Trainee: 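Take a look at the following structure, please.
Bear in mind the structure is a predicted one, so any value in this text is a computation, not a measurement. For the numbers below, each heavy atom of this structure counts, side chains included, while hydrogens, waters and symmetry mates do not.
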Amino acid sequence: MEQLITPLRITGLLALAGAFLYAIGDVLLLAGKASLDDYPKLKPFAKLLSMSERMVVLPPSRMIWGALLGVFATPLVLAGFWQVYKGLNGANESLTLATGLLFAVASVIGAFVHGTFYYMGEYIQALNKVEDGSQPVIADMITRHRKVLIVTYAPVIILIMIASLLFSILVASGQTAFPVWMAWINPVTMTIAWLILKRILPQFVRDWTEGAGFNIAYLVFFACTTITLWNG
């Protein structure tokens, strides 16, 4: 384990940077406020947009950077899951490998999901700009886009839930490099904790962290894994 300390520290710091950049990307893409009352051309599509109309106020350059930050941060997050995999060594080999692979696959698919929000923003802004007769074309594009999001987002959530459960089970066994109390710390539990904490935070904090909850959870998770593995 001693020869792994430096790589574990480096990958932990890379993961923290990746989760932080991902969270910023989320904020750039999703932390906007817009009322349908101010955008009458969008009002007939309220059900279709389902709160995503807030993207109508975002400058295209902001959406581009929001999408790219998340995509390019993904390798850093993957480095963090390599750290997690190494930290689990000592427990059941098959379950340890499965946990690492599930987290990794979820991250790769998640990069696609994150990047596609840029196109959703462009569709919504186009829906607000085109002539009324052309709006059904854009609305159909949004409908198809939502189907793609469902097909890709659902596996990401399922994979992360399974991987988080396996992580906690393995850590609770006491056979890993993580302390047993870390069994309570995983991306799912940290997401739940964030959702609870968010309710008592000031409104401006909630507004400016809109959409970033999952990556804030990752940030806390990687902070804990890095701290607990720092000295081996």
Side-chain angles (χ1 to χ4, degrees), residues 16-39 41-43 45-74 76-77 106-129 138-139 141-157 159-161 187-188 190-222:
L16 286 169
F20 181 70
L21 290 173
Y22 232 124
I24 292 176
D26 288 336
V27 169
L28 291 176
L29 274 173
L30 299 171
K33 293 189 77 173
S35 171
L36 285 174
D37 292 333
D38 297 326
Y39 296 91
K41 294 185 74 172
L42 296 181
K43 217 165 185 177
F45 305 96
K47 186 176 179 181
L48 173 64
L49 298 178
S50 186
M51 302 299 292
S52 58
E53 65 271 4
R54 59 193 170 190
M55 299 183 80
V56 74
V57 302
L58 303 179
S61 58
R62 173 175 163 168
M63 294 192 296
I64 290 171
W65 278 108
L68 292 179
L69 275 178
V71 170
F72 287 119
T74 300
L76 303 180
V77 174
S107 295
V108 172
I109 300 174
F112 170 83
V113 174
H114 179 88
T116 62
F117 275 93
Y118 163 72
Y119 301 102
M120 176 63 85
E122 289 282 19
Y123 296 153
I124 291 168
Q125 295 193 7
L127 187 66
N128 186 55
K129 291 176 182 176
I138 306 297
M141 293 171 71
I142 294 174
T143 300
R144 291 193 295 272
H145 184 95
R146 284 197 173 279
K147 289 178 182 177
V148 171
L149 278 179
I150 292 170
V151 169
T152 50
Y153 218 142
V156 170
I157 300 301
L159 291 174
I160 291 173
M161 289 178 67
V188 172
M190 290 302 94
T191 300
I192 295 170
W194 167 252
L195 293 174
I196 295 171
L197 176 63
K198 190 177 177 182
R199 292 176 176 272
I200 62 174
L201 291 174
Q203 186 62 48
F204 77 92
V205 176
R206 283 183 277 170
D207 289 342
W208 284 102
T209 54
E210 186 65 46
F214 209 77
N215 285 299
I216 291 173
Y218 268 162
L219 193 60
V220 176
F221 175 63
F222 286 132

Trainee: Can you list every salt bridge (charged side-chain N to carboxylate O under 4.0 Å, His left out) pair that touches residues 53-68, not counting sequence neighbours?
Mentor: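 Those involving residues 53-68 are Arg54-Glu210.
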Trainee: Say you draw a straight line from CE of Met161 to CD1 of Ile157; how long is it, rounded to the nearest 0.5 Å?
Mentor: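 It comes to 8.5 Å.
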Trainee: A side-chain contact here means heavy atoms from C-beta on lying under 4.5 Å apart; do Trp194 and Leu197 qualify?
Mentor: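 The answer is yes, as the side chains (C-beta and beyond) meet within the 4.5 Å cut-off.
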Trainee: Show the nearest heavy-atom pair for residues Val113 and Val156, with the distance to one decimal.
Mentor: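 Where Val113 meets Val156 most closely, the heavy atoms are CG2-CG2, 4.4 Å.
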Trainee: Looking at every non-hydrogen atom in both residues, tell me the closest pair between Ile124 and Ser52 and how far apart they are.
Mentor: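 That closest heavy-atom pairing would be CD1-O, 3.1 Å.
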Trainee: Quick one: are Tyr118 and Leu68 in side-chain contact, heavy atoms under 4.5 Å?
Mentor: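 A side-chain contact is absent here, since even the closest heavy-atom pair is not under 4.5 Å.
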Trainee: Hey, what do you get for OH (Tyr123) to CG (Leu49), rounding to the nearest 0.5 Å?
Mentor: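 Rounded to the nearest 0.5 Å, the OH-CG separation comes to 14.0 Å.
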Trainee: Could you tell me whether the side chain of Ser50 and the main chain of Lys47 form a donor-acceptor pair under 3.5 Å?
Mentor: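 No; zero donor-acceptor contacts below 3.5 Å.
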Trainee: Once you measure the plane-to-plane angle for Phe214 and Tyr218, does it fall in the parallel (<30°), tilted (30-60°) or perpendicular (>60°) bin?
Mentor: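 Rings of Phe214 and Tyr218: perpendicular, over 60°.
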Trainee: Step by step, would you call Met120 with Met63 a side chain to side chain contact (heavy atoms under 4.5 Å, CB included)?
Mentor: CA-CA 10 Å; Met120 176 63 85; Met63 294 192 296; over 6 Å; no
Trainee: I need the minimum non-hydrogen distance between Ala139 and Phe45, along with the two atoms involved.
Mentor: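 Nearest heavy atoms, Ala139 then Phe45: CB-CE2, 3.7 Å.
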Trainee: What closest approach, in Å, do Leu30 and Met55 show between heavy atoms, and which atom pair accounts for it?
Mentor: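 Leu30 and Met55 have their closest heavy atoms at CD2-SD, 4.4 Å.
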Trainee: Kindly compute the distance separating CG (Leu21) from CG (Leu219), expressed to the nearest 0.5 Å.
Mentor: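 With rounding to 0.5 Å, CG (Leu21) is 10.0 Å from CG (Leu219).
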Trainee: What's the separation between atom OG1 in Thr116 and atom CG in Leu149, rounded to the nearest 0.5 Å?
Mentor: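 Answer for the OG1-CG pair, Thr116 versus Leu149, is 4.5 Å.
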Trainee: Measuring from atom OG1 of Thr209 to atom CG of Asp26, what distance do you get when rounded to the nearest 0.5 angstrom?
Mentor: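 The distance works out to 10.5 Å.
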Trainee: To the nearest 0.5 Å, tell me how far Leu29 CG sits from Ile64 CD1.
Mentor: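 These two atoms lie 10.5 Å from each other.
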Trainee: Is it true that, when you exclude Phe20 itself, more than 12 heavy atoms of the residues, nucleotides or ligands shown sit nearer than 6.0 Å to its CZ?
Mentor: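 12 or below, so no.
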Trainee: Take atom OH of Tyr39 as the centre, draw a 6.0 Å sphere, and report whether it contains more than 12 heavy atoms from other residues, nucleotides or ligands.
Mentor: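 Buried by this count: over 12 neighbours within 6.0 Å.
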Trainee: State whether the side chain of Gln125 and the backbone N or O of Leu58 hold a donor-acceptor pair below 3.5 Å, judged by distance alone.
Mentor: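 Confirmed, Gln125 side chain pairs with Leu58 backbone.
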Trainee: Checking ring-ring contact (aromatic ring centres under 6.0 Å, His included) against His114, which of Tyr119, Tyr153, Tyr22, Phe72 comes through?
Mentor: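 The option that passes is Tyr22.
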Trainee: Looking only at heavy atoms, what is the nearest atom pair of Pro187 and Ala217, with distance?
Mentor: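 It is O-CB, 3.7 Å.
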Trainee: What heavy-atom pair brings Leu28 and Gly66 nearest, and what distance separates the two atoms?
Mentor: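 For Leu28 and Gly66, the tightest heavy-atom pair comes out as CB-CA, 3.7 Å.
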